[in-house]
Amino acid sequence: MLRHLDIRDMLIIDRLELAFQPGLNVLTGETGAGKSILLDSLGFVLGWRGRADLVRAGAAQGEVVAEFEIGDGHPARTILEDAGLPVADELILRRINTPEGRKTAWVNDRRVSGDVLRALSDVLVELHGQQDDRGLLDPKNHRAMLDQFGDLATLRDQVKTAWRGRAAAAKALADAEVRLAAMRDEEDFLRHAVAELQKLAPEPGEEAELDARRRLMQSAEKMREDIAQAVTALGLNGAEGAMSDAQRWLDGVVEHADGRLELPLAALERALVELGEAQAGVASFVERLEFDPAELEMAEERLFALRGLARKHGVLADDLAGLADDLTARLEALDGGEAEIAGLIAARDTAEAAYQAAAARLTTARQGAARDLDAAMATELAPLKMERAVFETKVEGAAPGPDGSDAVTFTVATNPGAPAGALNKIASGGELSRFLLALKVCLTADAEDLTMIFDEIDRGVGGATADAVGRRLKALAEGGQVLVVTHSPQVAALGAHHWQVAKSVEADVTLSRVIPLDEDARIDEVARMVSGDRITDAARDAARALLNGVGET
């Protein structure tokens with residue numbers, strides 16, 4: 001509920017403080033007095049998109065502060081918690097604007113973005129007028145409104161999920177068909193390349209091993225000569241014989257050396273062991289130098305084949321094995337492509353059936369909600385002197401989409417037997433006001449925490465019809481809060497709280513004031529609304545009659 005509104009330096013308002021009350025609050029005043037500025041200022045602090053030139057001429061900045069009361073369970077509390085903002089029974093919104101258009105906003109003294117303000121505004125205030133900025137007249141919005149009225153969010157979410165599954169299945173099938181077509185274009189290449197690679201059977205690291213073996217075989221003849229000399233130098237006629245003789249000679253005298261030859265003998269033994277390992281290593285290498293000349297030819301042929309195939313495919317020789325695996329997998333995918341396509345077609349058909357079933361459930365629910373809305377509208381139109389009018393919610397087939405396969409349109413027939421048509425094309429100004437009021441009441445029946453604002457919803461009606469509109473607004477305000485900007489004395493007389501918006505010129509500056517009216521001032525204001533600028537005694541008597549008749553039916 002909106003408790004206070006504090007406006008400073010906004011257009012022709014220099015300073016204005018308003019304390020709103022529960023129930024029906026009415027604001028009246030002459031045309032141009034500044035009633036729309038109040039709504040512009042409230043919309044500004046709530047983050048609504050509106051006119052940019054709101055700062056009063058000569059002021060450094062404009063500022064609006066709105067204080068709301070939010071009880072336990074109010075949806076604004078969830079928004080505050082999600083945004084990491086302080087949560088209390090009192091919610092204070094503050095927003096400033098500079099002449100250059102720079103806007104800054106705070107919620108409970110924490111700076112916030114316009115998105116947070118707009119999220120809060122959706123659960124705090126509902127604004128409605130004949131030009132309905134919420135889109136009641138736009139058929140593009142009617143489906144969402146019907147879903148909200150029927151509480152169909154869960155069913156609609158199921159349709160969205162099924163639509164995404166349907167789209168994903170269709171995309172998977174299309175992608176697979178494109179891949180299969182591309183593979184068919186290269187089928188001859190794949191089969192030839194895979195056969196060639198499988199025949200060669202390359203292995204990672206094979207090129208380096210073959211190259212090393214080839215080089216070894218090519219240099220083996222010269223290496224044999226050097227190795228033979230090394231074998232002689234290491235053998236019995238060389239190092240081994242000399243070291244063995246030395247060991248035998250030292251063994252013969254070690255017992256007479258008082259232990260001084262033990263360390264040299266131990267070292268000599270270790271040297272003989274190392275020498276034996278050297279001889280074994282050389283002998284092993286000599287064995288590798290023994291090869292069949294045909295082996296060299298075979299190694300060179302395989303090495304050249306590996307390198308040639310690598311150049312052909314533009315890869316390293318070590319990558320040929322991986323290439324073979326990749327091409328083999330693509331060939332297997334091609335061979336199994338038809339089976340994959342068949343499986344994806346089945347998956348697509350399953351997803352399509354799931355979507356159709358979910359959409360059909362939503363259609364049925366919408367048709368039921370449409371009947372309920374039509375019945376609710378009939379109930380609402382009767383007290384508004386439109387009991388002969390017919391409101392019909394049409395649910396017709398439409399192209400499938402994420403929100404189902406229905407087109408929803410609100411239509412009216414103002415008289416029995418008259419053709420039905422769109423709200424804004426069939427109804428006159430006064431009729432349109434009452435249709436929209438009834439529709440707004442039906443669509444927000446469960447929104448007890450909203451402050452509802454009606455901007456000249458009674459335009460184009462008068463007399464008993466205006467009185468009927470006022471009584472419906474009064475009933476709507478019971479247990480809640482409704483703000484009405486009106487030019488109708490019948491509506492103004494039904495308000496629980498009454499403010500007059502007036503414009504004055506002070507020191508050559510035009511300013512707008514909002515004045516709470518006591519009983520006598522209220523009689524004069526309603527009388528002005530009855531008679532115009534010149535308030536007569538008869539007008540005052542008519543005003544008293546309207547005000548005294550508030551409790552009558």
Side-chain angles (χ1 to χ4, degrees), residues 126-152 156 362-398 403-404 406-447 450 452-477 482 484 488 491:
E126 183 81 18
L127 174 64
H128 183 63
Q130 280 199 28
Q131 300 306 315
D132 196 47
D133 67 322
R134 298 287 178 170
L136 289 180
L137 299 178
D138 189 348
K140 291 186 295 186
N141 299 324
H142 291 175
R143 184 172 60 190
M145 293 176 189
L146 179 64
D147 289 350
Q148 180 182 359
F149 171 81
D151 194 19
L152 306 181
R156 192 176 62 243
L362 182 56
T363 295
T364 300
R366 280 174 173 156
Q367 290 168 344
R371 290 189 292 270
D372 293 341
L373 179 57
D374 294 347
M377 282 291 290
T379 301
E380 288 296 329
L381 288 172
L384 295 175
K385 310 295 184 182
M386 296 190 71
E387 59 276 357
R388 293 168 63 85
V390 176
F391 177 92
E392 182 181 3
T393 305
K394 290 188 175 181
V395 181
E396 300 173 316
D403 294 313
D406 307 308
V408 176
T409 309
F410 298 152
T411 66
V412 298
T414 55
N415 294 293
L423 277 172
N424 57 347
K425 294 182 179 180
I426 296 296
S428 64
E431 291 169 337
L432 182 61
S433 296
R434 286 175 283 166
F435 271 119
L436 293 181
L437 174 58
L439 187 56
K440 177 62 67 174
V441 170
C442 292
L443 293 177
T444 58
D446 297 327
L450 276 176
M452 300 184 67
I453 301 175
F454 292 89
D455 183 14
E456 299 186 15
I457 192 66
D458 50 7
R459 184 186 302 168
V461 300
T465 301
D467 182 71
V469 170
R471 292 185 184 281
R472 190 62 194 90
L473 290 171
K474 181 186 176 185
L476 184 62
V482 174
V484 179
S488 169
V491 174

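Positions are given from 1, in the same order as the sequence printed here.
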J.: Go through D147 and R143 one step at a time and tell me if the salt bridge (charged side-chain N to carboxylate O under 4.0 Å, His left out) criterion holds.
T.: CA-CA 6 Å; D147 289 350; R143 184 172 60 190; 5.4 Å; no

J.: List the steps and the verdict of side-chain contact (heavy atoms from CB on, under 4.5 Å) for F454 and L476.
T.: CA-CA 11 Å; F454 292 89; L476 184 62; 3.8 Å; yes

J.: Do you know the tightest heavy-atom contact between C442 and L373?
T.: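 Smallest heavy-atom distance, with atoms named: CB-CD1, 3.8 Å.
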
J.: For a quick test of reading the model, state the closest non-hydrogen atom pair linking M145 to L443 and the distance between them.
T.: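 Closest approach of M145 to L443: O-CD2, 3.8 Å.
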
J.: Evaluate the criterion side-chain contact (heavy atoms from CB on, under 4.5 Å) for residue pair L152 and R366; output intermediate values, then yes/no.
T.: CA-CA 8 Å; L152 306 181; R366 280 174 173 156; 3.7 Å; yes

J.: Return the CG to CD distance between L437 and E380, rounded to the nearest 0.5 Å.
T.: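 Result: 7.5 Å between the selected atoms.
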
J.: Check the pair R472 / R434 against side-chain contact (heavy atoms from CB on, under 4.5 Å), numbers first and verdict last.
T.: CA-CA 10 Å; R472 190 62 194 90; R434 286 175 283 166; over 6 Å; no

J.: Which heavy atom of A413 sits nearest a heavy atom of A420, and at what distance?
T.: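 Heavy-atom minimum between the residues: CB-CA, 4.1 Å.
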
J.: Drop me the distance from T411's OG1 to E392's CD, to the nearest 0.5 angstrom.
T.: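 With rounding to 0.5 Å, OG1 (T411) is 4.5 Å from CD (E392).
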
J.: If every non-hydrogen atom of K385 is compared with every non-hydrogen atom of A468, which pair is closest and at what distance?
T.: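 Looking at all heavy atoms of both residues, the closest pair is CG-CB, 3.9 Å.
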
J.: Can you measure from CG (L384) to CG (D467) and round to the nearest 0.5 angstrom?
T.: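 Between atom CG of L384 and atom CG of D467 there are 11.0 Å.
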
J.: Examine distances only and state if a side-chain atom of D374 and a backbone atom of T393 form a donor-acceptor pair shorter than 3.5 Å.
T.: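 The answer is yes, because a donor-acceptor pair under 3.5 Å joins these two groups.
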
J.: List the atom of L381, the atom of A438, and the distance in Å for their closest heavy-atom pair.
T.: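 Shortest heavy-atom contact: CD2-CB, 3.9 Å.
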
J.: Relative to each other, are the rings of F435 and F391 parallel, tilted or perpendicular (30° and 60° limits)?
T.: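 If you compare the ring of F435 with that of F391, the planes turn out tilted.
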
J.: As a quick check of understanding, evaluate side-chain contact (heavy atoms from CB on, under 4.5 Å) for Q367 and T363, giving each step before the final call.
T.: CA-CA 6 Å; Q367 290 168 344; T363 295; 3.6 Å; yes

J.: Of the non-hydrogen atoms in D406 and A398, which two are nearest, and what is the gap between them?
T.: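 Nearest heavy atoms, D406 then A398: C-CB, 3.8 Å.
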
J.: If I take atom CE from residue M386 and atom OG1 from residue T414, how far apart are they, to the nearest 0.5 angstrom?
T.: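 One finds 7.0 Å between CE of M386 and OG1 of T414.
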
J.: How many angstroms lie between CZ in R156 and CG in L362, if you round to the nearest 0.5 Å?
T.: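 If I round to the nearest 0.5 Å, the distance is 8.0 Å.
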
